[in-house]
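The next block holds one structure in the form of structure tokens; read it before the comments.
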Amino acid sequence: MKSILTKCLAIGLFAFTIAANAQTYNDLHIPDTLSGTVFNLTIRDTFLQFQTGNQTITGGVNGSFWGPTLIMNKGDAVQMNVQNKLNDSTTIHWHGMHLPAVMDGGPHQIIPPGTVWQPHWTVKNQAATLWYHPHLHQMTQEHVTKGIGGFIIIRDAQEAALPLPRTYGVDDIPLALTSRRFLSNNQMAFKLIDNYGDYELVNGTKNPKINLPKQVVRLRILNGEIQRGYNLGFSDNRTFYVIGNDLGLLNAPVPTTRLAVQTGERYEILVDLSGDAVGSTLDLKAYNVAAELQLLTPGQNVFGWPGNEGNPVNPTGNNGPINSSLLNNVNFNVLRINVVAATANPILSIPTTLVNNTYWTASDATNSRTINVTGGQMGTAFSLNNQFFSLNTTNQTVNLNAVEKWTIVNNNIFGHAFHLHDVPFKIISRSGGNMGTTMRPYEQGWKDVVWIPIGGTVTFVAKFDDYADPTWPYMYHCHALTHEDEGMMGSFIVKSTVGTSETETVSPGFSIFPNPVQSRIFIKQEDPEAEIYYLRIKDASGRTKLMLPQPQISGGIDVSKFAAGTYFVQLTDQKTKAVSTQKFVKQ
Ligand code: C2O
Ligand code: CU
Ligand code: CU
């Protein structure tokens, strides 16, 4: 924890007005959409003109900063083709998605450079706003900073039947909020001490503006930050309506004038512009100055809110003082809204009810566990239960179908955004810390991230259904990417309680035909019952070319784009996890 040390240094250095250079606006970038059931995502190093001067080197998915929005329907079997054209390994995690651990894209599912990773799953989530982002251990901050990531919108019949705005880019707008620090050559800073950016970016646009029609509009807000929290509101203090959060719609809209959004969290809101004059303007702002944060937790100390500590200090040289940035402890603009004429068939009122969620309660839980926030003393990193993340350690084992109560205790020196992979949870209580026992009304609903203030304890209940895997874990961690990278993360295995047949020996032997091959290889297993857990194709120098978790390959595997040469197919058996390898020649 470095902020206490440096807080004193930062105080009173500059009186700086953010608004001074924000008079010109750029059109908000609305990411393209991809829909259907096959999604092709190519990750590469690229560049973008963020500001005058040098272009900035970025990382992009099918583009230059912040990738396409993937639109999926509940019930669809989706297939991802993720191609890593970086010079670095990375991973892509489907944040919020309920899927097998082997498909999750956590720190274990490393995609080496030049490799295609093809996870697939059936969409079981209900309608919600999810996102995807890299998750390589100790590299997440850097890869996310570069701009790798994007939204996932899940649609379902229940949501489709509601009178809600859903014309993407018109009255249904994705907003990925983040900030970046630029070095003097316009390159983005991504050291640990660059945890707070100096310039706000929405979908990668600096000083963004958008034309929104004079009607009810829906904003899908993601805090895609490195560490900063946002206390959002509108410049005229109008009431807006939270209709959904991380993993789905609420039972009914929740009116509010302020919305606290921490790293990894998503909130869908409705804003009624029907009474606004065409040609008028409105700003979505972050009310992050200490006095405003105090209104969220009246009479309480706000220290521990990420982005409040330090002062709005102009970075000097390559890096500013740690934990300070131009946006710390100030109110700043997120999005300029220009009101334009209504569309045909506008939504003109806020619905009174939404969906009927049935939530887990404490009495449904058959097991409980406690996770303590630890570490973080002067100069040391945060940890969970006094352990730093290790790729080789399983920290928790959960039985398949268990309903569990998890209590996260933060008797520590900073607030944290706790995230659970795999399944949605329902927050059932808060105690201690500057929020006391107060649950914010918009924290109802199915969540996958929860804010734990200093001194605070939060309990949630989740059911770990559908997917067990004895080998690959899921993650839980702080979504401040700085904290996560430093090891504030643990892993859990979901274990099937029905007897596994590990004693049964299944021959993993197989053959490849045709061989040599021009376009497509077929795999013939000696045991026709045997299922493949993982299939990898490596080239003669041992570089992984293709990764197929639990592949369905009766139609063969396309190798037509492979260069001529010798390749090795490495096949892991589902039951025994035994690995066997065969060679083929591509002509
Ligand atoms: Cu959004 Cu484990 O992450
Ligand atoms: Cu996640
Ligand atoms: Cu944290």
Side-chain angles (χ1 to χ4, degrees), residues 39 41 43 61 67 70 72 76-82 84 89-112 115-125 128 130-140 143-144 148-152 154 246-247 264 266 389-398 400 418-425 446-449 462-479 481 484-485 489-496 532-536 544 547-551 572 574 577:
F39 295 87
L41 305 178
I43 311 165
V61 178
L70 316 182
M72 300 180 182
D76 278 357
V78 296
Q79 156 83 57
M80 319 304 291
N81 298 317
V82 182
N84 179 10
S89 290
T90 192
T91 83
I92 292 290
H93 165 57
W94 320 102
H95 179 131
M97 196 71 76
H98 180 43
L99 39 49
V102 69
M103 313 291 179
D104 191 41
H108 295 80
Q109 282 98 44
I110 298 167
I111 317 171
T115 298
V116 178
W117 177 53
Q118 296 188 314
H120 58 91
W121 64 89
T122 297
V123 178
K124 296 195 179 190
N125 288 66
L130 281 60
W131 63 305
Y132 57 94
H133 63 78
H135 212 308
L136 186 66
H137 185 42
Q138 297 175 328
M139 293 296 287
T140 299
H143 289 177
V144 171
I148 305 169
F151 279 102
I152 303 173
I154 299 180
D246 303 342
L247 291 172
R266 288 87 66 208
F389 177 72
S390 157
L391 281 161
N392 305 316
T393 305
T394 300
N395 299 97
Q396 315 282 339
T397 301
V398 177
L400 181 63
F418 186 91
H419 170 48
L420 180 74
H421 285 213
D422 182 27
V423 288
F425 58 73
W446 293 113
K447 296 278 292 160
D448 61 40
V449 179
K463 182 176 185 189
F464 296 82
D465 52 1
D466 295 314
Y467 305 114
D469 189 324
T471 310
W472 297 74
Y474 297 101
M475 301 297 120
Y476 56 87
H477 57 91
C478 176
H479 220 289
L481 304 181
E484 172 192 333
D485 272 351
M489 175 155 69
S491 64
F492 67 99
I493 288 270
V494 179
K495 192 176 122 228
S496 172
I532 301 171
Y533 181 63
Y534 218 101
L535 188 153
R536 269 170 219 274
T544 304
M547 296 157 67
L548 305 176
Q550 299 180 336
T572 307
Q574 176 81 32
K577 301 294 184 293

May I ask you to decide if the ring planes of [X] and [Y] are parallel, tilted or perpendicular, using 30° and 60° as cut-offs?
{"X": "Trp131", "Y": "His479", "value": "tilted"}
{"X": "Trp472", "Y": "Tyr534", "value": "parallel"}
{"X": "His421", "Y": "His93", "value": "parallel"}
{"X": "His95", "Y": "His419", "value": "parallel"}

Specify the closest pair of heavy atoms between [X] and [Y], including all atoms of both residues, with the distance to one decimal.
{"X": "Gly105", "Y": "Thr91", "value": "O-OG1, 2.8 Å"}
{"X": "Ala462", "Y": "Pro424", "value": "CB-O, 3.5 Å"}
{"X": "Lys577", "Y": "Pro470", "value": "NZ-CG, 4.1 Å"}

From [atom1] ([X]) to [atom2] ([Y]), nearest 0.5 Å:
{"X": "Glu484", "Y": "His477", "atom1": "CD", "atom2": "NE2", "answer": "4.5 Å"}
{"X": "Ile111", "Y": "Gln118", "atom1": "CD1", "atom2": "CD", "answer": "11.0 Å"}
{"X": "Leu391", "Y": "Ile110", "atom1": "CG", "atom2": "CD1", "answer": "6.0 Å"}
{"X": "Trp117", "Y": "Leu548", "atom1": "CH2", "atom2": "CG", "answer": "11.5 Å"}
{"X": "Leu481", "Y": "Thr140", "atom1": "CG", "atom2": "OG1", "answer": "6.5 Å"}
{"X": "Ile493", "Y": "Thr471", "atom1": "CD1", "atom2": "OG1", "answer": "6.5 Å"}

Contact check, side chains of [X] and [Y], non-hydrogen atoms, under 4.5 Å:
{"X": "Asn395", "Y": "Phe492", "value": "no"}
{"X": "Ser89", "Y": "Leu136", "value": "yes"}
{"X": "Ile152", "Y": "Asn125", "value": "no"}
{"X": "Pro107", "Y": "Met475", "value": "yes"}
{"X": "Val423", "Y": "His98", "value": "yes"}
{"X": "Leu130", "Y": "Trp94", "value": "no"}
{"X": "Thr572", "Y": "Arg536", "value": "no"}
{"X": "His143", "Y": "His133", "value": "no"}

Please confirm whether the backbone N or O of [Y] pairs with a side-chain atom of [X], one donor and one acceptor, at under 3.5 Å?
{"X": "Tyr467", "Y": "Leu99", "value": "no"}
{"X": "His137", "Y": "Ser390", "value": "no"}
{"X": "Asp246", "Y": "Asp448", "value": "yes"}
{"X": "Asn81", "Y": "Val116", "value": "no"}
{"X": "Thr115", "Y": "Thr544", "value": "yes"}
{"X": "Gln109", "Y": "Ala101", "value": "yes"}

Q: Answer yes if the side chains of Asp104 and His135 hold a donor-acceptor pair under 3.5 Å, and no otherwise.
A: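 No, no side-chain donor-acceptor pair sits under 3.5 Å.
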